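Heads up: the structure comes next, in structure tokens.
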Amino acid sequence: MESNGSLEILDVCKVAPFSDSSEPLSELSLPLTFFDTLWFRFSPVERVFFYPLTDSSDPTSFNSVILPKLKRSLSLTLRRFLPLAGNLTWPSHAAHPFILYTPNDTVSLTVAESESNFDRLSGNKPRKATESHPLVPKLSISDETATILAVQTFFNK
């Protein structure tokens, strides 16, 4: 377990797009448009969505019921939106960057626990951005590739 301020990382798993033997997944390359490249000057979009658990929910039920359903749902969704499981890549021999999905690609799903005040973080009042920053999942970036999507879910201790 790793600690990140008020956030304790419990698990980092990889979720692959759902694949069955009737329709195996194959490599997919998707060129970017001119309008896509305009966004390169900006930081990636980082969104945090808050979903409260019921009072009867606890870490055990989260791990045994909610998390498996979340993984399955993400896997089924990635099957329909394969580019989200791929990487933005710009090899040195290519003139332009493009999105590349290969059958081994996955999306990182981080499960974390937080001591932060859920009502304060999810409320509609001003707060410092630094309070929400640890809740944003990290994208894997190198000189030639960058992951397109990462998901992080957390619950209160």
Side-chain angles (χ1 to χ4, degrees), residues 1-19 25 28 30 32-33 35-90 97-102 104-157:
M1 288 188 238
E2 175 186 334
S3 183
N4 183 5
S6 65
L7 200 66
E8 184 178 347
I9 306 298
L10 302 176
D11 189 20
V12 178
C13 52
K14 303 293 183 185
V15 177
F18 176 77
S19 179
L25 300 175
L28 169 73
L30 184 64
L32 298 178
T33 68
F35 296 106
D36 294 325
T37 59
L38 293 176
W39 292 99
F40 284 164
R41 291 184 238 153
F42 302 102
S43 296
V45 174
E46 298 173 337
R47 300 204 191 252
V48 179
F49 297 99
F50 296 95
Y51 299 98
L53 296 176
T54 63
D55 291 336
S56 61
S57 299
D58 59 13
T60 304
S61 67
F62 179 85
N63 288 319
S64 64
V65 178
I66 297 171
L67 189 56
K69 287 181 180 181
L70 179 64
K71 288 178 183 179
R72 173 90 172 139
S73 177
L74 180 57
S75 178
L76 291 169
T77 302
L78 291 172
R79 169 69 182 200
R80 298 288 181 202
F81 300 95
L82 275 180
L84 290 177
N87 292 289
L88 178 63
T89 185
W90 195 343
F98 56 94
I99 295 173
L100 178 65
Y101 168 78
T102 60
N104 296 331
D105 286 342
T106 59
V107 169
S108 173
L109 172 63
T110 303
V111 179
E113 201 172 44
S114 175
E115 292 180 358
S116 301
N117 183 319
F118 181 83
D119 293 328
R120 177 173 163 65
L121 286 174
S122 62
N124 196 16
K125 296 201 178 179
R127 65 186 168 279
K128 293 182 181 179
T130 54
E131 291 180 53
S132 299
H133 190 69
L135 308 177
V136 177
K138 307 295 180 247
L139 294 172
S140 175
I141 299 172
S142 71
D143 288 340
E144 289 188 356
T145 65
T147 55
I148 294 178
L149 177 68
V151 178
Q152 180 167 299
T153 181
F154 77 97
F155 55 91
N156 284 85
K157 288 185 178 183

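All values reported here derive from a predicted model rather than from experimental measurement. What you see below is based on every heavy atom in this structure, not just the backbone, and it leaves out hydrogens, waters and symmetry mates.
A donor-acceptor pair shorter than 3.5 Å cannot be found between the side chains of Ser64 and Ser61.
In terms of heavy atoms, Leu30 sits closest to Pro83 at CD2-CG, 3.9 Å. The nearest pair of heavy atoms linking Val12 to Ser108 is CG1-OG, 3.7 Å. Between Ala150 and Pro137, the shortest heavy-atom distance links the atoms O-CG, 3.2 Å. The two residues Phe35 and Trp39 make their nearest non-hydrogen contact at O-CD1, 3.3 Å. Heavy-atom minimum distance, Arg120 versus Glu131: NH2-OE2, 2.7 Å. Nearest heavy-atom pair across Tyr101 and Leu25 is OH-CD1, 3.4 Å.
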inquiry  = Go through it in stages, so that I can follow the logic: the residues are Glu113 and Leu7, the test is side chain to side chain contact (heavy atoms under 4.5 Å, CB included), and I'd like the CA-CA distance, side-chain angles, deciding distance and then a yes or no.
reply    = CA-CA 6 Å; Glu113 201 172 44; Leu7 200 66; over 6 Å; no
inquiry  = Under the criterion side chain to side chain contact (heavy atoms under 4.5 Å, CB included), I'd like the reasoning laid out for Val136 against Val48: C-alpha separation, chi angles, the key distance, then a yes or no.
reply    = CA-CA 7 Å; Val136 177; Val48 179; 3.8 Å; yes
key: Audit row: Val15, Leu109, side chain to side chain contact (heavy atoms under 4.5 Å, CB included) steps and yes/no   = CA-CA 7 Å; Val15 177; Leu109 172 63; 4.1 Å; yes
Residues Val151, Val107; criterion side chain to side chain contact (heavy atoms under 4.5 Å, CB included); working and verdict = CA-CA 7 Å; Val151 178; Val107 169; 4.3 Å; yes
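Atom OG1 in Thr145 sits 5.0 Å away from atom CG in Asn87 (nearest 0.5 Å). Taken to the nearest 0.5 Å, the CZ atom of Arg47 stands 15.5 Å off from the CG atom of Leu135. For the atom pair CG (Leu84) and CD1 (Ile99), the distance works out to 8.0 Å, reported to the nearest 0.5 Å. For the atom pair Thr106 OG1 and Leu74 CG, the distance stands at 10.0 Å (nearest 0.5 Å). Rounded to the nearest 0.5 Å, atoms CD1 (Ile9) and CD (Gln152) are 5.0 Å apart. Rounded to the nearest 0.5 Å, atoms CG (Asp105) and CG (Leu82) are 9.5 Å apart.
Side chain of Glu144 to backbone of Thr89: no donor-acceptor contact under 3.5 angstrom is found. Side-chain N or O atoms of Thr77 include one that pairs as donor or acceptor with a backbone N or O of Ser73 at under 3.5 Å. When atom types are taken as modelled, the side chain of Arg127 and the backbone of Leu121 share a donor-acceptor pair closer than 3.5 angstrom.
Take Arg72 and apply the side-chain contact (heavy atoms from CB on, under 4.5 Å) test, not counting sequence neighbours, and it matches Phe18, Leu76.
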